Amino acid sequence: MPELPEVETTRRGIAPHITGRTVSRVIVRESRLRWPVPRRLASQLAGQAIEHVGRRAKYLLLETAGGTLILHLGMSGSLRIIDSGLAATRHDHVDLVLDNGRSLRFTDPRRFGSLHWTTRPPETHRLLRDLGPEPLGAAFSGEHLHGLSRGRQVAVKNFIMNSHVVVGIGNIYASEALYMAGIHPARAAGRISLKKYGLLAEVVKEVLQDAIAAGGTTLRDFVNGEGKPGYFRQHLNVYGKADEPCISCRVPIREIRIGQRSTFYCPKCQR
DNA sequence: AGAGGTACCTGGCAGC
DNA sequence: TGCTGCCAGGTACCTC
């Protein structure tokens, strides 16, 4: 599921249920995730009180006095609050059993997700250390994109999906943002003006914020465990809309592959 | 240094 | 119905 809005929606969904709670037990049913779940994770996390649920890029940070759990949902991961007695099914890989009869359950069919434990400041962790700025933060701007992109031949879509440039822009929102900014996704990153990058940075913030706002509507379902968070297709202008008319000019949306990923754009509106 | 490809995994779906 | 092949929203890591 998750692009940044889904991860943030997840964070907001679970935070009220786990903040201040103590992890009484950790059940690891499947440790073969993107990276093996550390063998000592269960003993390190058990007994710790969750003080804060943070996020850096698409990593969720469950902070305790003794360390931080760094959790990534990968491509198919989800987290739910469940009653601790609820039977686990095939892809329910990890439960954090809480001290109130409920559990935080990590489910991930494709097992691209991951769990790490660190006792150091999480931002110094190998996975987080070299990441670019948050797209919704002040450090992400047209100047930032313009400065980093000079001389780069890479397609602008790949450029903005590079986590060293800016985090949290996945395949869907990359297409959406470039459409909103009127930039052809295959354009060389180094040949885009400061002005265009200013617009791109603005629409990135806008599209992510809108999606996060829309994500709020699925929170109840999500917390009740009655289904996974919905995907907000109704808000998308180009993604998945090959051959449908552009909402602005009616010219059919085109689908191409850039860096092995599906890419959608309007050949008239995006140059 | 930058660009591009590969790998990790399962499930769903189109096409035969 | 059943098989095969392809595709999927992520991203670290490898090679050139």
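Not measured: the values here are computed from a predicted model. Naming: A, B, ... by sequence-line order, numbering from 1 per chain.
- Both geometric conditions, a ring-centre gap below 5.5 Å and a plane tilt below 30°, are fulfilled for A/F112 over the base of B/dC8.
- Protein atom CG of A/L127 is 8 Å distant from nucleotide atom C1' of C/dA12, rounded to whole Å.
- Distance A/N171 CG to C/dC7 P: 13 Å, rounded to the nearest Å.
- Residue A/F159 is classed as having no contact, given no heavy-atom separation below 4.0 Å to the nucleic acid.
- Between the C1' atom of C/dG10 and the CZ atom of A/R111 lies a distance of 16 Å, rounded to the nearest Å.
- Between A/R25 and A/D95 there is no salt bridge, since none of the side-chain N atoms of the basic residue sits less than 4.0 Å from a carboxylate O of the acidic one.
- In the set B/dT10, B/dG4, C/dA12, the nucleotide with an atom closest to the side chain of A/V154 is B/dG4.
- One can place CG of A/N162 at 12 Å from P of B/dG4, the figure rounded to the nearest angstrom.
- As a whole-Å value, the separation of A/I169 CD1 from C/dT11 C1' is 15 Å.
- Judged by atom type and distance alone, A/R110 reaches the base of C/dA8 through a side-chain donor-acceptor pair under 3.5 Å.
- Distance A/N158 CG to B/dG5 C1': 12 Å, rounded to the nearest Å.
- In this structure, A/R39 fails the cation-pi test against A/W117, since its NZ or CZ atom is not both closer than 6.0 Å to the six-membered ring centre and inside 45 degrees of the ring normal.
- OP1 or OP2 of C/dT11 sits under 4.0 Å from a side-chain N or O of A/H72.
- Both A/V53 and A/V23 belong to a single network of hydrophobic side chains, linked directly or stepwise wherever heavy atoms of I, L, V, M, F, W or Y lie under 4.5 Å apart.
- Using a 4.0 Å heavy-atom cutoff across all strands shown, A/L33 reaches no nucleic acid atom at all.
- In this structure, the nucleotide among C/dG10, C/dC7, B/dG5 sitting nearest to the side chain of A/Q260 is B/dG5.
- Each of A/A57 and A/E255 was matched to the nucleotide of DNA chain C holding its nearest heavy atom; the match closer to the 5' end belongs to A/E255.
- Residues A/R32 and A/R111 come closest through the heavy atom pair O-NH1, 2.7 Å.
- With A/Y59 contributing its side chain and A/G54 its backbone, the two residues share no donor-acceptor pair below 3.5 Å.
- Neither OP1 nor OP2 of C/dA12 sits under 4.0 Å from any side-chain N or O of A/R34.
- For the pair A/R126 and C/dC13, the criterion of a side-chain N or O lying under 4.0 Å from OP1 or OP2 is met.
- Residue A/Y239 places none of its side-chain N or O atoms closer than 4.0 Å to OP1 or OP2 of C/dA8.
- Using a 4.0 Å cut-off, some side-chain N or O of A/R152 falls inside it from OP1 or OP2 of B/dA3.
- In this entry the distance linking NE2 of A/H116 with P of C/dG10 reads 19 Å, nearest Å.
- One atom, NE2 of A/H164, and another, P of B/dA3, lie 13 Å apart when rounded to the nearest Å.
- Side-chain nitrogen and oxygen atoms of A/H91 include none within less than 4.0 Å of the OP1 or OP2 phosphate oxygen of B/dC9.
- Remark: A/S163 is not in phosphate contact with C/dG10, judged by side-chain N or O atoms under 4.0 Å from OP1 or OP2.
- Of all nucleotides present, only C/dT4 satisfies the Watson-Crick or G-U wobble test against B/dA14, with each distance under 3.5 Å.
- Rounded to the nearest Å, the gap between the P atom of B/dA1 and that of C/dT11 is 24 Å.
- Side-chain proximity of A/E3 to the nucleotides C/dA8, C/dG10, B/dG4 is greatest for C/dG10.
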Open item on the list: Using salt bridge (charged side-chain N to carboxylate O under 4.0 Å, His left out), reason through A/E134 and A/R55 one step at a time and then give a plain yes or no.
Closed with: CA-CA 10 Å; A/E134 289 290 323; A/R55 179 184 61 73; 3.0 Å; yes
